Amino acid sequence: MPEEIGRARRWVREILGERPCAEDAALIVSELGTNALRHTASGRPCGTFHVVMALSSHVLAISVTDDGQADTTPEIKRPDPEATQGRGLGMISALTVHIDVRSGPQGQTVTAELTMEPKPTRDGVACC
């Protein structure tokens, strides 16, 4: 199943092409897909997760839906500096303008929204 994370990243990069947000989007899909595999039924032998992207001229929305049966609800944490996990959603929130978590009968869907407006960073490189 971990190979599916790589496939999802490649799919995102292929769809977004040269857009500046492609690498951020690939990272978001990787983190959300990994969370689905680690924390839900998606990580079981026949489990799956689904990735959907919606792109407009202003926003890229990336949604990952897991197979459900999660022990916890995804949340942004402030882990201890010594912790080896728990930083994924915090990292995603730093890259995005909005994160939404919805639970449904088929599992949980986490949606992250990136703005398509380039914004400067400290090193002068523009990103989405």
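Since the model is a prediction, treat every value here as computed from it, not as a measurement.
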Would you compute the distance between atom CZ of Phe49 and atom CD1 of Ile5 and round it to the nearest 0.5 angstrom?
3.5 Å
Before giving the answer on side-chain contact (heavy atoms from CB on, under 4.5 Å), spell out for Asn35 and Val110 the whole-Å C-alpha distance, their side-chain angles and the decisive distance to 0.1 Å.
CA-CA 10 Å; Asn35 284 350; Val110 180; over 6 Å; no
Taking all non-hydrogen atoms of both residues into account, name the closest pair between Ala22 and Gly17 and its distance.
CB-O, 3.7 Å
Roughly how far, to the nearest 0.5 Å, is CD1 of Ile62 from CD1 of Ile15?
12.0 Å
Here the pair of heavy atoms bringing Ala8 nearest to Val51 is CB-CG2, 4.4 Å
Does Ser42 reach the main-chain N or O of Asp67 with its side chain, forming a donor-acceptor pair under 3.5 Å?
yes
Can you tell me how far apart CZ (Arg44) and CD (Gln69) are? Round to the nearest 0.5 Å.
4.5 Å
Kindly write out the residues that satisfy side-chain contact (heavy atoms from CB on, under 4.5 Å) with Arg13, not counting sequence neighbours, or none if the list is empty.
Arg9, Glu23, Ala26
For the hydrophobic clusters of this structure (ILVMFWY residues joined by side-chain heavy atoms under 4.5 Å, transitively), does one cluster hold both Val59 and Ile28?
no
Are the side chain of Asp66 and the backbone of Gln108 linked by a donor-acceptor contact shorter than 3.5 Å?
yes
Nearest heavy atoms of Glu113 and Thr96, plus distance in Å:
O-CB, 3.1 Å
If you look at every heavy atom in Val12 and Ala25, which pair is closest and at what distance?
CG1-CB, 3.6 Å
side-chain contact (heavy atoms from CB on, under 4.5 Å) partners for Leu55, two or more places apart
Leu16, Arg19, Leu60, Met116
Set of salt bridge (charged side-chain N to carboxylate O under 4.0 Å, His left out) partners for Arg10, sequence neighbours left out
none
Shared ILVMFWY cluster between Val101 and Val52, side chains joined below 4.5 angstrom?
no
May I ask you to decide if Val64's main-chain N or O and Thr109's side chain share a donor-acceptor pair within less than 3.5 Å?
no
Separation between CD1 of Ile99 and CG of Leu89, rounded to the nearest 0.5 Å
5.5 Å
Residues two or more places apart in sequence or in another chain: which of them pass side-chain hydrogen bond (donor to acceptor under 3.5 Å, both in side chains) with Thr111?
Ser63
May I ask you to test the Asp24-Leu114 pair for a side-chain heavy-atom distance under 4.5 Å?
yes
For the CG atom of Leu95 and the OG1 atom of Thr115, what is their distance to the nearest 0.5 Å?
12.5 Å
